[in-house]
Amino acid sequence: MKRTEKKRNEGITLVSVIAGGLAGWVINVGLSILTDTEMTHLYGISIFLGVIVGLLWDIADKLNKD
């Protein structure tokens with residue numbers, strides 16, 4: 001694997017992780033607004049689950065490319 005290709009793959013993984021965390025946070029904020037309940041104690045969990053989903057998405061994408 002070329003060096004630039006490896007850097008690109010690492011960059012895509014980072015984007016997947018950040019996007020997953022951001023998506024988890026957005027979903028939590030959206031549910032908090034819709035239900036009018038205090039859900040700030042769940043922010044960490046939702047961001048963590050979003051990061052896990054982002055990593056799984058990235059792994060599945062890499063496995064399908066091979």
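This is a predicted model, so every value here is computed, not measured. For the numbers below, each heavy atom of this structure counts, side chains included, while hydrogens, waters and symmetry mates do not.
- Between L55 and T13 there is a side-chain heavy-atom pair separated by less than 4.5 Å.
- Following chains of ILVMFWY side-chain contacts shorter than 4.5 Å, one can reach V29 starting from V26, so the two form part of one hydrophobic cluster.
- There is no path of hydrophobic side-chain contacts, each under 4.5 Å, that joins I59 to W57.
- A chain of hydrophobic side-chain contacts below 4.5 Å, direct or via other Ile, Leu, Val, Met, Phe, Trp or Tyr residues, connects L49 to I27.
- Shown here is F48, whose CZ atom has no more than 12 heavy atoms of other residues, nucleotides or ligands within 6.0 Å.
- Residues D36 and I33 share a closest heavy-atom pair of OD1-O, 3.2 Å.
- Note: the hydrophobic cluster containing L22 also contains I47 (ILVMFWY, side chain heavy atoms under 4.5 Å, direct or indirect links).
- Hydrophobic clustering (side-chain heavy atoms under 4.5 Å, transitive across Ile, Leu, Val, Met, Phe, Trp, Tyr) groups M39 together with I45.
- A donor-acceptor pair is defined here as one N or O able to donate and one able to accept, closer than 3.5 Å; no such pair exists between the side chain of S32 and the backbone of N28.
- Side-chain atoms of I12 and K62, non-hydrogen and from C-beta on, never get closer than 4.5 Å to each other.
- Distance CG/L63 to CG/D61: 9.0 Å, rounded to 0.5 Å.
- Between the side chain of N64 and the backbone N or O of A60, at least one donor-acceptor pair lies under 3.5 Å.
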